[in-house]
Amino acid sequence: MLSPKKVKYRKIMKGRVRGAESRGVEMAFGDFGLKSVETARVDTRALEAARIALTRHIKRGGRVWIRVFPDKPFTKKPAETRMGKGKGAPEGWVAVVRPGRILFEMEGVDRATAQEAMRLAAHKLPVKTMFVEREGAEVGA
């Protein structure tokens with residue numbers, strides 16, 4: 001699963017996720033993509049599950065790029081623990097996703113296969129998405 005090798009701070013504040021994305025909104029690598037339509041914090045487990053669903057469907061054909069990286073830690077207090085006594089220990093990593101962000105890109109497969117693979121991957125993510133394609137994409141593998 002994806003996680004940073006090293007971070008400056010072990011625990012950071014949750015913050016607010018507001019507004020539309022300005023970076024990562026254009027197709028950069030592949031011909032087909034999965035674009036976020038709403039705001040969410042996508043867990044590293046969800047990204048990995050989506051990646052596996054995507055690659056299993058295309059069966060070693062084509063190439064896949066993950067365009068988001070979970071670099072924000074989230075903490076959690078143990079179960080049945082009373083309130084207070086500080087912040088919990090780091091539990092995992094999330095990628096902050098805003099509307100317009102390209103999450104996955106793919107090339108080397110036909111449109112129907114790519115669309116079905118992206119649909120399967122979208123079911124694993126906690127964010128509403130849409131299938132996008134590059135203008136002038138070559139149809140076929």
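Hydrogens, waters and symmetry mates are skipped; everything else that's a heavy atom, side chains included, is used.
The two residues Val127 and Glu38 have their closest heavy-atom pair at CG2-O, 3.2 Å. Scanning all heavy atoms of the two residues, the minimum distance from Gly100 to Lys35 falls at O-CE, 3.4 Å. Considering all non-hydrogen atoms of both residues, Arg67 and Glu26 come closest at NH1-O, 3.3 Å. A pairwise comparison of heavy atoms in Pro99 and Gly19 identifies CD-O, 3.5 Å as the closest pair. Heavy-atom minimum distance, Ala122 versus Thr129: CB-OG1, 3.3 Å. The minimum heavy-atom distance linking Lys124 with Ala53 is given by the pair CE-CB, 4.2 Å.
For NZ of Lys59, the number of neighbouring non-hydrogen atoms (other residues, nucleotides, ligands) closer than 6.0 Å is 12 at most. Residue-environment remark: NZ (Lys77) exceeds the threshold of 12 foreign heavy atoms within 6.0 Å. A 6.0 Å sphere centred on NZ of Lys11 holds more than 12 heavy atoms belonging to other residues, nucleotides or ligands.
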Check: residues 39-49 side-chain donor-acceptor pairs under 3.5 Å, at least two apart:
unit_1	atom_1	unit_2	atom_2	d
Arg41	NH2	Lys14	O	3.3
Arg41	NH2	Gly15	O	2.9
Thr44	OG1	Leu2	N	3.2
Thr44	OG1	Leu2	O	2.8
Glu48	OE1	Arg51	NE	3.3
Glu48	OE2	Arg51	NH2	2.7

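In the hydrophobic clustering of this structure, Leu125 groups with Val68; members are Ile, Leu, Val, Met, Phe, Trp, Tyr whose side-chain heavy atoms approach within less than 4.5 Å, directly or through other members. Hydrophobic clustering (ILVMFWY, side-chain heavy atoms < 4.5 Å, transitive): Phe74 and Trp93 are in distinct clusters. Each of Met27 and Ile66 belongs to its own hydrophobic cluster when Ile, Leu, Val, Met, Phe, Trp and Tyr are linked at side-chain heavy-atom distances under 4.5 angstrom. Linking Ile, Leu, Val, Met, Phe, Trp and Tyr whenever their side-chain heavy atoms come within less than 4.5 Å puts Phe131 and Val97 in one cluster. Residues Phe32 and Leu34 share a single hydrophobic cluster, defined by chaining ILVMFWY side chains whose heavy atoms lie under 4.5 Å apart.
If you take CG on Leu120 and CZ on Arg56, they are separated by 11.5 Å, rounding to the nearest 0.5 Å. Between the CZ atom of Arg101 and the CZ atom of Arg23 there is a distance of 6.5 Å, given to the nearest 0.5 Å. Atom-to-atom distance recorded for Met130:CE and Ser36:OG is 10.5 Å, nearest 0.5 angstrom.
Judged by distance alone, the side chains of Arg111 and Gln115 do bring a donor and an acceptor atom under 3.5 Å apart.
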For the pair Glu107 and Phe29, evaluate side-chain contact (heavy atoms from CB on, under 4.5 Å) and give the outcome as yes or no after the intermediate values.
-> CA-CA 8 Å; Glu107 75 170 7; Phe29 304 103; over 6 Å; no
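Side-chain contact between Tyr9 and Pro73 is absent, with no heavy atoms from C-beta onward closer than 4.5 Å. Counting heavy atoms from C-beta on, the side chains of Met106 and Leu54 come closer than 4.5 Å. In this structure, Ile58 and Val64 have side chains that are in contact, with non-hydrogen atoms separated by less than 4.5 Å.
For Glu91, there are no side chain to side chain donor-acceptor pair (under 3.5 Å) partners, not counting sequence neighbours.
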